[in-house]
Amino acid sequence: MTQAALAEKLGVTDKAVSKWERGISYPDISQFPKLANVFGLTIDELVKNCVEGERPATLLRIFKMSHCIRTPLNIILGCADLAADYTDDKEKLLRYLENIRVSGQYLLNLIESAKNGELADVEEFQPQDLRDESRDIPGSPAPPASAPVAFEDFDFSGKRILLAEDIEINREITLELLRKTGAEVDFAEDGKVCVEKITSSPPGYYDLILMDINMPNMDGLEATREIRDLPDDRKASVPIIAMTASVCETDREAAFEAGMDDFTEKPIISHTLLATMKQHL
């Protein structure tokens with residue numbers, strides 16, 4: 001596909017497309033799903049058609065940065081909320097501030113790499129690096145701010161939620177939010193543990209699963225497929241909501257194809273997450 005054809009479909013100038021491909025300027029992160037949807041292609045297929053000679057595409061590498069950006073943003077925003085709730089607990093407050101600092105340093109290094117033309121290194125920045133909060137991590141528009149949540153609208157008392165999430169601080173952020181709804185929360189560190197907990201628990205023990213997609217050992221898609229294949233209908237039909245930093249349209253489609261019931265994005269917007277959960281509880 002020529003630059004002119006792509007520009008026409010996206011409603012931009014030929015010059016803009018040329019600048020994107022040469023790395024002089026970039027489209028807004030929010031435009032990336034549209035770039036793929038215009039042609040009904042995956043991101044990789046889109047770039048191969050858009051970039052002359054299928055040379056390495058800055059456009060694709062910028063898109064791949066989106067997940068790396070959203071993960072530390074979720075930690076920064078979540079820890080900021082937690083810090084506000086624990087101003088009298090110095091130990092917790094300092095830990096939340098340290099998580100904010102480490103995640104901010106991650107983003108800064110990511111931006112510096114992009115500025116220095118080292119975008120090829122972005123794939124080395126793995127979100128699981130954030131698990132080690134004792135060291136610095138080598139190395140879009142701001143998400144909408146969460147409005148104050150009216151927790152009386154979200155009474156999940158008596159409901160048991162299984163949260164499959166590999167990053168500890170993300171588990172804590174979600175736990176603190178769900179505690180305010182009265183829900184009981186159990187954790188799975190990866191998809192394999194999640195499947196094991198569903199398999200070993202009585203039917204109906206869990207009312208809903210919040211499932212991260214990118215996890216070690218077994219990702220959220222495979223975990224969902226295994227749960228949907230369980231012989232016990234009540235276990236196999238437990239509602240599963242994706243809660244992930246992988247937010248392009250192909251990620252959504254993959255989640256629903258695997259058998260998930262709904263899809264929410266990181267950084268977490270409290271009211272959006274709770275409203276989505278309410279639909280399935």
Side-chain angles (χ1 to χ4, degrees), residues 71 74 78 81-82 85 127-128 131 146 149-247 251-281:
T71 297
N74 186 65
D81 287 341
L82 292 180
D85 289 340
Q128 55 262 36
R131 294 192 201 108
S146 294
V149 176
F151 284 98
E152 61 269 20
D153 294 335
F154 303 105
D155 183 2
F156 300 155
S157 300
K159 301 296 183 181
R160 183 176 290 274
I161 312 300
L162 178 57
L163 172 62
E165 165 65 64
D166 60 318
I167 299 178
E168 182 179 1
I169 188 61
N170 281 342
R171 295 198 294 268
E172 185 172 349
I173 290 168
T174 309
L175 172 63
E176 290 294 333
L177 172 63
L178 295 183
R179 273 179 176 169
K180 296 175 182 177
T181 69
E184 297 181 37
V185 183
D186 197 4
F187 298 118
E189 296 78 15
D190 56 43
K192 186 172 183 293
V193 174
C194 180
V195 174
E196 290 171 353
K197 289 200 171 189
I198 293 293
T199 303
S200 62
S201 64
Y205 183 77
Y206 292 109
D207 296 288
L208 185 143
I209 300 172
L210 293 176
M211 184 80 78
D212 190 18
I213 289 181
N214 292 286
M215 294 183 289
N217 301 320
M218 180 187 291
D219 65 30
L221 299 178
E222 181 59 31
T224 298
R225 285 189 284 265
E226 292 206 9
I227 291 169
R228 295 303 184 224
D229 286 339
L230 291 174
D232 187 289
D233 288 342
R234 290 185 67 188
K235 294 182 180 182
S237 62
V238 60
I240 302 176
I241 299 175
M243 193 172 69
T244 176
S246 300
V247 296
D251 295 316
R252 290 175 179 270
E253 291 171 358
F256 289 121
E257 287 175 4
M260 294 186 180
D261 298 281
D262 223 318
F263 190 100
T264 60
E265 300 179 358
K266 294 176 183 174
I268 294 170
I269 306 301
S270 300
H271 186 277
T272 301
L273 173 61
L274 296 179
T276 303
M277 292 176 63
K278 187 175 181 178
Q279 293 177 25
H280 299 279
L281 291 172

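Values in this document were obtained by computation on a predicted structure and should not be read as measured data.
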* Is there a donor-acceptor pair under 3.5 Å between the side chain of T244 and the backbone N or O of E265? -> no
Is there a side-chain contact between [X] and [Y], using heavy atoms and a 4.5 Å cut-off?
X: E165; Y: T174; answer: no
X: Y205; Y: L162; answer: no
X: E222; Y: I213; answer: no
X: F154; Y: K180; answer: no

* Qualifying side-chain hydrogen bond (donor to acceptor under 3.5 Å, both in side chains) pairs, either residue in residues 272-281, two or more places apart -> D262-H280
* Should D85 and R179 count as an ion pair when the cut-off is N to O under 4.0 Å? -> no
* **For I198, the option from I240, I227, D232 that meets side-chain contact (heavy atoms from CB on, under 4.5 Å)** => I227
Return the [atom1] to [atom2] distance between [X] and [Y], rounded to the nearest 0.5 Å.
X: D261; Y: L208; atom1: CG; atom2: CG; result: 8.0 Å
X: T224; Y: I241; atom1: OG1; atom2: CD1; result: 11.5 Å
X: D81; Y: I173; atom1: CG; atom2: CD1; result: 8.5 Å
X: L178; Y: M277; atom1: CG; atom2: CE; result: 4.5 Å

* Can you list every salt bridge (charged side-chain N to carboxylate O under 4.0 Å, His left out) pair that touches residues 186-205, not counting sequence neighbours? -> D186-K197, K192-E196
